[in-house]
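Comments concern the structure below.
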Amino acid sequence: MDEFRIQGGTRLAGRIRIDGSKNASLPLTAAALLAGEPVTLRNVPDLSDISNLAHLMGELGCRVDRGEGTMTIEEVDPSCTHARYEIVSTMRASICVLGPLLAKRKQARVAMPGGCAFGARPVDLHLRGLRALGAQIELSGGDIIAKADRLKGATIFLGGPFGSTVLGTANVMSAATLAEGRTIIESAACEPEIADVARLLNAMGAKISGAGSPRITIDGVEELGGADHIVIPDRIVAATYAVAAAITNGDVTLEYFPHDCLLAPIDLLQNVGVNVNRLDMSEEPTRCTVQVTSERRLKPGVISTQPYPGFPTDLQAQMMALLCLADGNSIITEKIFPERFMHVAELTRMGAQLIRQGPTVMVQGVRRLFGAPVMASDLRASACLVLAGMVAEGETIVSRVYHLDRGYARMEEVLNSLGANIQRFNPERKHEPEPPVITTVPAAKAKPSTVATK
Ligand code: EPU
């Protein structure tokens, strides 16, 4: 298993471009199951989660052609409807094939995803929504078995104890596109990834309005066709690199930065003393160029994670790394996944002063962190440890970086291109580490567009 060896104390400077969004690409790929024609996605990030889903799409009877940043999906054998546990257990987001399979192929057998490093991850809201559309659903041998002749539109409340559900909304919205009549989803997830899925579905011929708000209306159609779609930039990756600039007192320019999808994290960064400046006000605010700089010790902050447009749970760990070095006490409360604190013990090994009580952590700012061997436990916790390692004194070894590869394409190359000193190393290969790879990430722009190919 690969690990990162990070020499701390470098200051990041330079320019990078943000990749397409993982959490949009996953339900977008699954939505292609609804089409009778090829669907092409562009700006798809090169991540292991995407490869895993592409593999699953192959098992579900689709031909998947991947080029640099593109993926074309075409149905060739609609008789395959089984998403096996072996794949679903590697990536719980595989659940997003359930709604599209059921709507288009009238049946689906999808392994029930288990929990994950940060607690139970139920799918009851997904099932409640699909049952409201008329699906018959039972559990057998650890699989969700869903059937429906033709789904029927309904008014569905999708709120749960922790707010709405992102992939649940994607599943129900996607399924409702082929249902008979009108579906209204109340308490829908408002995340930009949901609005992006709706944009693709509408280009395929669906009739969806209100996506991005808590009330989505879908008027069912008989069939959907192909489309060509550019995936939105990854807001979590963008903000992670903004924190990387801040934590190293750096000066980093980020292109294709989804500024207006990150207003809560930007507000927090600015409140603690980080400069986040849009460089060109004429650019589209969800894909613009932003410069992040920081020159001084930061002030403490208060964070409470919330559904969009609140502060994202997917940035809680990275922001904790930053606040470890603030001048005073910060408070972080996790309201989406109350157990998502695997990074706390690892940061403590690096000298952080953290006191956790239930879903809240008090971060007592320290003057410095110290390099240590630490273990990555999930995607965002891993990113937090890399950030901490870049500013810690001495060497930090982050093991199990396969978690990182799920959501950050070649993270060490991107950070090294900005001046970091990170080596990827596989201890099982028992040879000396390669010298750090310095790669320049091309600074190009892509314009948003979604067009039907019918
Ligand atoms: N929930 C339920 N019942 C359900 C579904 C969810 O109670 O049927 C609860 C969850 O336990 C959680 C809350 O609702 O407390 C929100 O979960 P949600 O369903 O929105 O999470 P998700 O759709 O499975 C996506 C992202 C996660 C991100 C969450 C929250 C993808 C592939 N995953 O997961 O991203 O943390 O939304 O914003 O889109 C990541 O990228 O690192 C990641 C974990």
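Read the numbers this way: they start at 1 and go in the same order the structure lists the ligands and their atoms. Start at 1 with the first residue, then count along the sequence.
- The 4.0 Å heavy-atom shell around ligand 1 contains residues K22, N23, L26, R92, A93, F118, R121, P122, V123, D124, L125, H126, F162, S164, T165, V166, L167, T313, D314, I336, F337, R340, L379, R380, ordered by chain and number.
- Test R406, K22, R410 against D46 for salt bridge (Lys or Arg N to Asp or Glu O under 4.0 Å) and you get one pass: R410.
- S187 and S164 share no side-chain donor-acceptor pair at under 3.5 Å.
- Side chain to side chain, E334 and T305 meet the donor-acceptor criterion of an N or O pair below 3.5 Å.
- A side-chain N or O of H343 and one of Q316 form a donor-acceptor pair less than 3.5 Å apart.
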Below 3.5 Å, can you tabulate the donor-acceptor pairs from side chains in residues 377-391 to any protein atom, sequence neighbours excluded?
residue: D378; atom: OD1; partner: R380; partner atom: N; Å: 3.1
residue: D378; atom: OD1; partner: A381; partner atom: N; Å: 3.3
residue: R380; atom: NH1; partner: Y408; partner atom: OH; Å: 3.1
residue: S382; atom: OG; partner: D378; partner atom: O; Å: 2.4

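- With hydrogens and angles left out, the side-chain atoms of T286 and E284 include a donor and acceptor closer than 3.5 Å.
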